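Report on the structure given below.
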Protein chains: 2
Amino acid sequence: MEKKIPKPVVKRLGLYYRCLNRLYEEGIEFVASKDIAERLGIKSSQVRKDLSYFGEFGKRGVGYNTYELMNSLEKIIGVNKIWNVVVIGAGNIGSALVSYEGLKKEKFNIIGIFDADRSKVGKKIGKLQIKHISEIEEFFKKNIVEIAVIAVPENAAQLVVEKLEELGVKGLINFAPIKLRTKLPVEDVDITLSFKALSFKIERSLK
Amino acid sequence: MEKKIPKPVVKRLGLYYRCLNRLYEEGIEFVASKDIAERLGIKSSQVRKDLSYFGEFGKRGVGYNTYELMNSLEKIIGVNKIWNVVVIGAGNIGSALVSYEGLKKEKFNIIGIFDADRSKVGKKIGKLQIKHISEIEEFFKKNIVEIAVIAVPENAAQLVVEKLEELGVKGLINFAPIKLRTKLPVEDVDITLSFKALSFKIERSLK
DNA sequence: TAGATTGTTAATCGATTAACAATC
DNA sequence: TAGATTGTTAATCGATTAACAATC
């Protein structure tokens, strides 16, 4: 239990969770590591090994109870509760995130969006009104915010991060194309990198 | 040159390219692997090893010519030319992509967006008008399309993929939360997975 | 019981890193 | 020349996989 979890395992946890959700929706009561592996295009021993970092969830000869494993994964990942999220930057990416239903469905609840551009302030995106970045301290006094999304231009990102650290945010999703200097956990997202990787693969016809 | 490129290297190529662009903008003429590594938070020997898969780009005792390495990377990745892209699905994600400037800047040029919902057809996103999915064959006859973005609901994704394969697309960016069955190169993008990985890290305070 | 599938070990495979001769 | 930094090898580290005893 106190073992270090390999990075690739962390990435796969979300995939397992998603898969278990599907299986549950499909009304499948028990599932073997082999079935999960097949759906995900990986090896069954990898599924079992990955899960073994967190406990014993299966029954030999039977497999895993879909509902129970789904719930266990939910707790392991931490999506058994609602996370409060703010978005910094109301540009294309920030705005799109706010109206993205997928996030709320997964219990990531965007409760505020901020921008430095006063001409954007007051405008509504769905039910949320864009606030000026100077209002952020006030906002953090009134709300518990665990996660912040950095969706500001590259040159503003580091400053924003330092502010958010001060305010007590617990983790960051970073859309700015730079490496953030911070002690907080960060997940970097860069869609152009995916396009570039695809470009490379097409060129080499490597899959 | 005919060696197999490790997957992690493919992911880092885009980071190197981005870094070289910055260095070039900053007017830095020569750069050492140590400098690149520092900016990216990796080891200098990794930078050199990664580059060595594609040739010899540096001068011992001196480093790399920023401009030349940038250009070499451009060719290696395949972003030395414009890629034509269509987006399938004009929902939240598809629409956001079309108005996203970052893609065009990186030479990924979205030339069409399609949806199955007739009530959306004809609406404009930026300069692009949403077309009905039934018009896609016609569109492919008139245009060269290399990349397609799958931004349709999960249950429609596989069918769309088969259609696109038929039409001769060369690669896919997949936003649908399923594993696509295809022989084409695919890059999967799932933002909720990034949020889940962050959730896990916060819970374990593991970075 | 016989068949199935787990959890875990050990072997294999692959990626990262340190180290250094080559050389600018 | 002396100092710096490459490209590459070999050692290390980490992740995946096969295999199998345990057991439902």
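Side chains are part of it too, since the values below use all heavy atoms of this structure and drop only hydrogens, waters and symmetry mates. Only a predicted model underlies this, so the values are computations on that prediction, with no experimental measurement involved.
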For DNA chain D, which residues of residues 19-43 of chain B approach it to below 4.0 angstrom with any heavy atom? B:Ala32, B:Ser33
Complement of C:dC20, any strand, by Watson-Crick or G-U distances under 3.5 angstrom: D:dG7
Tell me whether the side-chain N/O atoms of B:Tyr53 come closer than 4.0 Å to OP1 or OP2 in D:dT8. no
salt_bridge(B:Glu101, B:Lys104) N-O dist < 4.0 Å: no
Length of the line joining B:Asp50:CG and C:dT17:P, which is rounded to integer Å: 10 Å
Examine distances only and state if a side-chain atom of A:His132 and a backbone atom of A:Phe114 form a donor-acceptor pair shorter than 3.5 Å. no
Looking at A:Tyr64, I'd like to know whether one of its side-chain N or O atoms comes within less than 4.0 Å of OP1 or OP2 on C:dG7. yes
Any salt bridge linking B:Lys131 with B:Asp115? Criterion: basic side-chain nitrogen under 4.0 Å from a carboxylate oxygen. no
Using whole Å, report how far CD of A:Glu56 lies from P of D:dA22. 14 Å
Would you kindly compare A:Val62 and A:Pro8 by the position of their nearest DNA chain D nucleotide and give the one closer to the 5′ end? A:Pro8
Do the side chains of A:Lys81 and A:Glu74 get close enough for a salt bridge, i.e. N-O under 4.0 angstrom? no
Can you tell me if A:Arg48 and A:Ser52 form a side-chain donor-acceptor pair at under 3.5 Å? no
Whom does C:dT12 pair with, Watson-Crick or G-U wobble, provided both distances fall under 3.5 Å? D:dA15
If the condition is side chain to side chain contact (heavy atoms under 4.5 Å, CB included), which residues does B:Ile82 pass it with, not counting sequence neighbours? B:Asn84, B:Lys107, B:Asn109
Please state how far atom NZ in B:Lys49 lies from atom P in D:dA10, giving the value in whole angstrom units. 11 Å
B:Asn65 has an atom CG; how far is it from atom C1' of C:dC24, in whole Å? 14 Å
Rounded to whole Å, CD of B:Gln46 lies from P of D:dG14 at a distance of 13 Å
Could you tell me how far apart B:Arg60 (CZ) and C:dA22 (C1') are, to the nearest whole angstrom? 5 Å
In whole angstroms, the gap separating P of D:dT16 from CZ of A:Arg48 amounts to 15 Å
In whole Å, I'd like the distance from the CZ atom of A:Phe57 to the P atom of C:dT8. 11 Å
If the cut-off is 4.0 Å, is A:Arg12 near the phosphate of D:dT16, judged by side-chain N/O to OP1 or OP2? yes
Any salt bridge linking A:Glu26 with A:Arg39? Criterion: basic side-chain nitrogen under 4.0 Å from a carboxylate oxygen. yes
